[in-house]
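Let me begin by presenting the structure, written as structure tokens, before commenting on it.
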Amino acid sequence: LIEYAVKIVEATRTFRGVSTGGSIRPSLSFRICAQTRAFLHGRDHVIIEDLQYLAFPLLRHRLILDPNVKEFGTTPDDIIGKILQRTEPP
């Protein structure tokens, strides 16, 4: 699952329309936050849905979109949603 989280963050750096994507920090935060979310939901393990849910709050403020993309009303959440659709879970 760690590789999946890293792939999501890496995709923010290469996604068309994103001038600045996520760094190493969100990759590290994924692990801690996913474990916490699993615990709060009564599980002792992380599932894919934890990572997919956390992608939005962990990444949205880190994405800087190109001005021409913003012009069409695209938001960081739109980009994250597309990345999650395109990134194959394990």
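Just so you know, residue 1 is the first one in the sequence shown, and it goes up from there. Owing to the predicted nature of the structure, the values given are computational and were not obtained by experimental measurement.
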query: Side-chain heavy atoms under 4.5 angstrom apart, residues restricted to Ile, Leu, Val, Met, Phe, Trp, Tyr: same cluster for I48 and F30?
result: yes
query: Closest approach of L84 and Q52, non-hydrogen atoms and distance?
result: CD1-O, 3.7 Å
- request: Of all the heavy-atom pairs spanning C33 and L58, show the shortest one and how long it is.
  value: SG-CD2, 4.0 Å
query: Does I64 offer a backbone N or O that forms a donor-acceptor pair with the side chain of T20 under 3.5 Å?
result: no
message: If you count every heavy atom of other residues, nucleotides or ligands that lies below 6.0 Å from F56 atom CZ, does the total exceed 12?
response: yes
- line: Closest heavy-atom pair, R31 versus I2, reported as atoms and distance to 0.1 Å, is CD-CD1, 4.5 Å
task: Provide the closest heavy-atom pair for H45 versus R43 in the form atom of the first, atom of the second, distance.
output: O-NH1, 3.1 Å
message: Applying side chain to side chain donor-acceptor pair (under 3.5 Å) as the test, list every pair that has at least one member in residues 73-89; sequence neighbours left out.
response: R60-D77, T75-D78
field: side chain to side chain donor-acceptor pair (under 3.5 Å) involving Y53 - partner list, sequence neighbours excluded
entry: none
field: CZ/R13: more than 12 non-hydrogen atoms of other groups inside 6.0 Å
entry: yes
field: Reported CZ-to-CG distance for the pair R25 and L59, which is rounded to 0.5 angstrom
entry: 13.5 Å
message: Hydrophobic cluster membership, with links at side-chain heavy-atom distances under 4.5 Å among I/L/V/M/F/W/Y: are V6 and I83 in one?
response: no
query: Closest heavy-atom contact between G22 and L63?
result: N-CD2, 4.2 Å
field: Non-hydrogen atoms of D66 and S19 that approach each other most closely
entry: OD1-CB, 3.0 Å
- prompt: Can L28 be reached from L51 by stepping across I, L, V, M, F, W or Y side chains whose heavy atoms are under 4.5 Å apart?
  reply: no
message: Under 4.5 Å between side-chain heavy atoms, counting indirect links through other Ile/Leu/Val/Met/Phe/Trp/Tyr residues: same cluster for L1 and I47 or not?
response: no
message: Between T12 and R62, does the side-chain contact (heavy atoms from CB on, under 4.5 Å) criterion hold? Intermediate values first, please.
response: CA-CA 9 Å; T12 66; R62 299 182 189 278; over 6 Å; no
